[in-house]
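First comes the structure, then the notes that go with it.
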Amino acid sequence: MSDNEKKSEKKSGDKRHIIGAGVPRIDGPDKLSGRANYAADNLPSNLAYGYGVFSTVASGKISKLSVDEARKMPGVIDIFHHGHFPTLYHTPSSFADGNKVEETRLPFEDERVYYEGQFVALVVADTFENARAAARRVKVTYSTDKAVANLDQGVEANGTQAGSGNHDRGDAPSAFDGAATTIDATYRTPVETHNPMEMHASTAWWDNGDLTIFDASQGVVVARNALSKIFAMPPERITVHAPYIGSGFGGKLWTWPHAIATAAASRELGRPVQVVVPRQQMFTTVGHRPETRQRLRLATDANGKLVSLRHEAINTTSYTDQYVETCGSVTKSLYSCPNLTVSHETTQVNRGTPTSMRAPGAAPGLFALESAIDEMALAVGADPVQFRLDNYAERDESKDLDFSSNHIVEATKQGAERFGWADRIPDIGSMKEGREIVGYGMAACNWEALKMACDARVSIRADGTAFASCATQDIGTGTYTIVAQAVSDVTGIALDKITVKLGDSSYPDGPVSGGSWATATTLPAIAGAARKALSEMKGYATGSNGAFSGASGDDLEVADGGLRNADGKQVSFADILAAGRYGSADGEAHTDGADSKYSYRSFGAHFVEVRWDPGISHLRVARVVSAIDVGKVINETTARNQVEGAVVMGIGMGLFEATEYDERNARPVNNDYAEYVVPVHADQPDVDVILLDYPDLAFNEYGARGIGEIGITGLAAAVANAVHHATGKRIRELPITLDKLMDDVPRAKTA
Amino acid sequence: MRHFDYARAGSAQQAVAAHGSDREVSFLAGGTTLLDLVKLDVMQPHKIVDINGVALDKIERLDDGRLRIGAMVTNTALARDQRVVDDYAVLSQALLAGASTQLRNKATTGGNVMQRVRCPYFRDGVSDCNKREPGSGCAAIGGVNRSVHAVLGTSDDCIASHPSDMCVAMIAIGATVEVQGPEGAREIDFADFHLLPGDTPAREHALEPGELITHVILDAPLEGSRSAYLKLRDRQSYQFALASSAVIVQMDGNTIREARVAMGGVGTKPWRAPEVEAALKGRPASEKLFAEAAKLAFENAIAYAHNGYKIPLGQQAIVRNLSDLTAA
């Protein structure tokens, strides 16, 4: 019997309803009551506090660093800097080998400064306040070089470097030249900063040469492996903990300089050290989504079918590392087009190393692509929905593979129906309500479905409860809960009798919580481990002293926290274990990453209504309908929450978010929660999420593809397209702030 | 944060005595500006006099019809006070448009009058800033100046906009600031309290060293008037005004008998627009009139690299507010 057949059989049984149910988060009470311990909540005895000294120039060298005054400040224990720091080592930073970091330069490695807000010293003192006070007294002078402050300056100063993820098929230039209708437009997206509520934080201590570190991390195993390389010590002697993190959005995927510095300082001082990254440095030293410039050239034939598509992107990266924002990752396969080119290049600027931010590549990339598709539809006189339906790819033409499961046509049609797209009057500015002009826009969304290798352990214990562990993390998305659901699904044990432990690198190796792959990766391993535990349990039950002695395990089914035979005899797990004096029935499982039989992707469509009040230049998103095809939904509540949250984040991307740098010196200017504008509750529109819920059983036994990122892809384009419908203005540079929509804005007098 | 001395005062007199005339001493009320800036090392008082124990938390109606507000009355309490809601709707609305609930619960009337600018170059502790480091220059001119920088009342030395919503309403209403100082008590016209930056942007207000705001007295409400505050910004809450207007109108049928107009977000101080008021006075209300009048407020406006949009946006804030207030 294949897994798929097993699965369909499972679905018929009552007890299987736990998969898909919108059960509340099992970690909710801990979070609400304050029992959930985040990285900076760990206060071991004799804890010392570190506070950074951060560079105030973006490019140059430290010419003098004086700690004399700071050293005399109350409570100061030590001050680390490039002239006083232990020798550490580079990690090869391999994704495949699981020791990746984003910023490969070690903290205090030399006197060079590559970006403003770089750690140039770490003051350690007896209290946080003393450390901060002393940090302000460390005197640093620099020999400053002219900073490269933005993408355009980077291209001019440094040119571009070839990136990765490129693709070429057919002959896009020739097809473009000979096409009936063409468009050629350039789109820009700014730096966006993750800004989770919880700032990056690390608490580290050493015990007989073993390192323990609580780090705000989306990947404890990779963090352990990277630290193993950096400290040149066996990974077995390092434990990374991240039981809870106050969200990450990709910013906490990899280990950043402060965590390395914290661990090193703790070793040097022989006592625990904690460092919390100040909010201002959340904009500098822990990654960001880079600035992009994307040129889109599209062409259609006389029937409105795409015949040529070029997506050429440049993104900013740091001087120390190349980070490629793969803006064209979706472009390769979303639409059918025989002649297609995707290229990625980078340019170096004086900013910290960028990193993945929710839907890396796809989020800025689909802003450009789905804006361009809208422009193309208008150019050929087609309805934007119909144009997409006419051009969606039926198979992945970039990989020459079928999609495992693709319901984008249904998602688009259902979304359009629910939204009321048919009521849209295409003429610009033609839909009015009171003082407001109503605009309707839509865009496709898309994300690759990924699955990594994973180990997991499940035990059914003497008291009838279950325990599951895996060194993945719950980054606020609901992983604890869906793991419990999977254990319950296999064992029949009720959720309130299941303990789930994640976020500890000593547990069986689990995946980084990123790429929307945690669900698809973790659940099959958990289920496999649970089945093995159940099998051991059945072995006990059918053994010589067992309650079902002599029976075959296949004849027993799980029921209400125990096993039951065909005659209705039922014995609890606790009794089965007690009868044999067994402490537990245990199982471990390993599952592999995704195969390459199919192209595995998730699909969907966003429909957005904007309201533009020209009398006060006020733009708002009034309504969003998102129809999402992510395979099987494991938990209706947390899944819907992921899409709703991503939609709100997408509204922020569309209307508000941009880290602004002073073009004279590369200094990030709006580096706090007041001036870096993200949506607040008052900006929240009505969001209607449709989850199609078609299991993708070729992908994994649950048919789940993951849901964390797809909701933000395409959303900003849908907003931009709706803005165009309302105002006639095609805004190709995010964010779409009110000043970009106003007419006759006075220009500054040039100095 | 640096170490500082801390004293607690039980009365205004005690507070003033504890303060002395030293400019490096700060009064602590709600702390929503002070503690923030001290932690950023932008303000470095060597002594803080906590005035949370002084009994300045009353709102009282004076015999002449004015409303006397204690300096320690919180923004929340003031916004919800029934006399304010009934007679000074513009003030209640302005207060509720500011900050967040938590901040309004802590922030005080006196503190709001004293709040510092949001210019990031002032707050970063590093950039050239004539407020923080007189003579160093103004990094905002020629820098990023879209959101919290002014187009009215700027100088070559400072272009930071005044951040308060409350003060915009107060300057429209008309008010008096009562202060207590080493030399005794005195009154300052609210319109004279905040200073233009000129070539001394570090000097932001008319207080002498050691003087403490004890009360703000609102002028008696304009008989039969209507008033409202309109705040325009990128997001709908928790952002300083890009442009705002406080408008009070007294109508006679469709004719504007009297109007008071002030603006926020666009000026280096809470900005009263008497030229707009004069243009409206005695004229029949119309969109055309409002637009013509609003334009007058910005005749001397200066656009910087990123904030030129505030010139039309500020006019829109006035026009829409007038339009809504004068609609039947």
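Every chain is numbered from 1, with letters handed out A, B, ... down the list of sequences. The shown structure was predicted, so the numbers you read here are calculated from the model rather than taken from an experiment.
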Tell me whether [X] at atom [atom1] has more than 12 heavy atoms from other residues, nucleotides or ligands lying less than 6.0 Å away.
X	atom1	result
Glu733(A)	CD	yes
Asn105(B)	CG	yes
Arg80(B)	CZ	no
Lys295(B)	NZ	no
Lys729(A)	NZ	yes
Asp686(A)	CG	yes

Hey, what do you get for [atom1] ([X]) to [atom2] ([Y]), rounding to the nearest 0.5 Å?
X	Y	atom1	atom2	result
Met742(A)	Ile311(B)	CE	CD1	10.0 Å
Asp739(A)	Asp234(B)	CG	CG	7.5 Å
Leu242(B)	Thr737(A)	CG	OG1	9.5 Å
Gln280(A)	Asp124(B)	CD	CG	9.5 Å
Tyr121(B)	Asp662(A)	OH	CG	3.5 Å
Gln684(A)	Arg235(B)	CD	CZ	14.0 Å

Over all heavy atoms of both residues, which pair between [X] and [Y] is shortest? Give the atoms and the distance, please.
X	Y	value
Tyr238(B)	Tyr673(A)	CE2-O, 4.0 Å
Gly308(B)	Val745(A)	C-CG1, 3.6 Å
Ala305(B)	Ala748(A)	N-CB, 3.6 Å

Selection from [options] maximising heavy-atom pairs under 4.5 Å formed with chain B:
options	value
Asn130(A), Asn665(A), Asp613(A)	Asp613(A)
Arg620(A), His681(A), Arg667(A), Arg747(A)	Arg667(A)
Pro679(A), Pro74(A), Ala674(A), Ala135(A)	Ala674(A)

- Please list all pairs passing the side chain to side chain donor-acceptor pair (under 3.5 Å) test where one or both residues lie in residues 55-68 of chain A, with sequence neighbours left out.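 Those involving residues 55-68 of chain A are Ser63(A)-Thr141(A).
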
- Query: So, are Asp41(B) and Arg132(A) salt-bridged, with charged N and O less than 4.0 Å apart?
  - Reply: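 A salt bridge is absent here (no side-chain N lies under 4.0 Å from a carboxylate O).
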
- Does the distance from a Lys or Arg side-chain N to an Asp or Glu carboxylate O, for Asp672(A) and Arg118(B), drop under 4.0 Å?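 Yes.
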
- Item | Leu655(A) versus chain B, the contacting section by heavy-atom distance below 4.5 Å |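 Contact with chain B: none, neither part.
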
What part of [X] gets within 4.5 angstrom of chain A, counting heavy atoms only: side chain, backbone, both, or neither?
X	result
Ala139(B)	both
Leu313(B)	both
Arg233(B)	backbone
Val151(B)	neither

- Message: Checking Ser147(B) against Glu675(A): is there a side-chain donor and acceptor pair closer than 3.5 Å?
- Response: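 Checked: Glu675(A)/Ser147(B) side chains show no N/O donor-acceptor pair below 3.5 Å.
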
- Any Pro312(B) side-chain heavy atom under 4.5 Å of Ser617(A) side chain: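 Not in contact.
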
- Do Lys39(B) and Glu129(A) have side chains that get closer than 4.5 Å, going by heavy atoms?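 Lys39(B) does not reach Glu129(A) side chain to side chain.
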
- Item | Partner chain A: residue of Gly142(B), Ser323(B), Gly125(B) with the largest heavy-atom pair count (under 4.5 Å) |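 With the most close heavy-atom pairs to chain A, the winner is Gly142(B).
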
- Whether Gln316(B) side chain and Pro614(A) backbone form a donor-acceptor pair below 3.5 Å: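 It does hold such a pair.
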
- Apply the test side-chain contact (heavy atoms from CB on, under 4.5 Å) to residues Val144(B) and Asn670(A): give CA-CA distance (whole Å), side-chain angles for both, the deciding distance (0.1 Å), then the verdict. CA-CA 9 Å; Val144(B) 177; Asn670(A) 57 336; over 6 Å; no

- Item | Residues in ring pair (Phe, Tyr, Trp, His ring centres under 6.0 Å) contact with Phe54(A), at least two apart in sequence or another chain |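 Counting only residues at least two positions away or on another chain, Phe54(A) forms a ring pair (Phe, Tyr, Trp, His ring centres under 6.0 Å) with Phe119(A).
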
